[in-house]
Chemist: 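Mind having a look at this structure? Questions to follow.
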Amino acid sequence: MAPLVEPIAALSERERLRTARHARLPQLGELGQRRLAAAHVAIIGAGGLGSPLVLALASAGVGTLTVIDDDVVEISNLHRQVIHRLSDVGSPKVDSAARVAPELSETRVVPLELRLTPANTADALRGAHLVIDGSDSFDTRAMVASACEQLGVPLVWGTIQAFDAQVTVFWSAPPVGVAPVVLADLHPPESVGELPSCAQVGVMGALCLQVGSLMALEAIKLITGVGESLLGRVLVIDGLRATQRELRVRPARAAALPGAAPRVREVGEAALAGARVLDVREHDEVAAGMIPGAQHLPLAALLADPRAAAGDGEQTVVVCRTGPRAHAAAAALQAVGVDAAVLAGGMLAWDARRQGARA
Amino acid sequence: MTRVRYFAAALEATGLDEERRGEQTVGALRAGLVADHPGLAGILSQCAVLVDGSRVDDAASLADAELVDVLPPFAGG
């Protein structure tokens, strides 16, 4: 594939010496190193995957890294999140990224201590040549994928659970002749439902370094135009057995087939009037407030018995924090004959509009 | 016969890397998999079931399919 980034005119003398073993690689060369120096990469999450990504890309001499994370370091992060130190516990994770990069190279780190929402994600990522998602929730991943599709930038995507990992590249607007592949071609957010967190099922720290390193390599290859990218392929790593298998992934065909399930509609606030509103978030999430008049039924309970949640067949608008769970719930309700739609942007957008109205 | 591969939690649930299956549609395959591997029941609806690389509707034929991959989603980072 053609290189993603135009090179800078010249490396500094120190960067030239520091990256001499990269320049020695015939595929990359000094030109590739100048492309890396011109590149702007956004990294979502400064955790298990973000940590090795920051180390690998700063030492590779990438020009600018925007590192986005709204979390603070906890002591239980330190077995895998290798840019944080014991003394960082309680400090913002992005601060560790900002500290470590200048110790390695001339990479500029832009730390963004920010919780991504449907309203701010595209703005946070705008200007990056490439985005890397190492976040820890599917809600965030759905928002990041959607923003990358909107911006047309490649998305290096890796995820890890226990001893297993997946790594791939999504790109809605690849060069001519290359098939676009997006997150929904692999894991459509509305089909994913609730996934266990690292806190629930555990995660092998050493595997995070391997997966972050693979993701960094994919980013370097796309920036410099060398090798074959993982666009259209998913690497699945089984750390326990030390195997790595490859899957092919192509654009989904479901929509083109007769008899395909109807897609769940997204609706705005105007559709709430006269509709039954169903909030499928967890108990601790609704404690901070729901849409007035909304009924509460956590997603797992709804999926266990959609008919019991069917109501009297009236139009139903489902809401969760950002959308994926509401999509899963609405699809299950449609399957039992309910006219169900999803509130676009979820409670995050609802709350943001309320706050905007007060400001 | 179609070659079906299992990954991560789907591998754990079936105890198999892969097997050969004779079902003629994706819907029949899903039903057959859950019947033969009850451990898949709770996760199959979440999994990517890729027929030669593509997500397809349950009505899609497997007559010309070579490879089906069953991959659960996960989101940890």
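Atoms considered below: every heavy atom in the structure, side chains included; atoms not considered: hydrogens, waters and symmetry mates. Here is how names work: the chains are called A, B, and so on, in the same order as the sequence lines, proteins then strands, and each is numbered from 1.
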Chemist: How far apart are the closest heavy atoms of Arg248(A) and Asp52(B), and which atoms are they?
Modeler: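 Looking at all heavy atoms of both residues, the shortest contact is NH1-O, 4.1 Å.
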Chemist: How close do Trp157(A) and Phe74(B) get, heavy atom to heavy atom, and via which atoms?
Modeler: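 Heavy atoms of Trp157(A) and Phe74(B) come nearest at CH2-O, 4.2 Å.
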Chemist: Examine distances only and state if a side-chain atom of Gln46(B) and a backbone atom of Glu194(A) form a donor-acceptor pair shorter than 3.5 Å.
Modeler: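 Confirmed, Gln46(B) side chain pairs with Glu194(A) backbone.
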Chemist: For the side chain of Gln166(A) and the backbone of Pro72(B), is there at least one donor-acceptor N/O pair under 3.5 Å apart?
Modeler: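 Yes, Gln166(A) side chain to Pro72(B) backbone: donor-acceptor pair under 3.5 Å.
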Chemist: Can you check whether Tyr6(B)'s main-chain N or O pairs, donor with acceptor, with Arg245(A)'s side chain at less than 3.5 Å?
Modeler: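 Yes; judged by distance alone, with no hydrogens or angles, the pair exists.
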Chemist: Please classify the contact between Val236(A) and chain B as side chain, backbone, both or neither, with a heavy-atom cut-off of under 4.5 Å.
Modeler: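 Looking at Val236(A), just its side chain touches chain B.
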Chemist: Give, as side chain, backbone, both or neither, the part of Ala184(A) having an atom under 4.5 angstrom from any heavy atom of chain B.
Modeler: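 Just its backbone gets close to chain B.
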Chemist: Any heavy-atom pair between the side chains of Arg250(A) and Leu50(B) that's under 4.5 Å?
Modeler: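 Of all side-chain heavy-atom pairs linking Arg250(A) with Leu50(B), none is under 4.5 Å.
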Chemist: Measure distances from Asp58(B) to the heavy atoms of chain A and classify the residue's part below 4.5 Å as side chain, backbone, both or neither.
Modeler: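 Neither part.
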Chemist: For Gly76(B), is there any backbone N or O sitting under 3.5 Å from a side-chain donor or acceptor partner on Thr159(A)?
Modeler: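 Side chain of Thr159(A) to backbone of Gly76(B), a donor-acceptor pair under 3.5 Å: yes, one is there.
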Chemist: Is any side-chain heavy atom of Leu247(A) closer than 4.5 Å to a side-chain heavy atom of Leu67(B)?
Modeler: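 No. Closest side-chain heavy atoms not under 4.5 Å.
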Chemist: Relative to chain B, which segment of Ala165(A) carries a heavy atom at a distance below 4.5 Å: side chain, backbone, both, or neither?
Modeler: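 The backbone, not the side chain.
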Chemist: If you apply the rule side-chain contact (heavy atoms from CB on, under 4.5 Å), what do you find for Asp69(B) with Val249(A), and how did you get there?
Modeler: CA-CA 10 Å; Asp69(B) 286 323; Val249(A) 57; over 6 Å; no
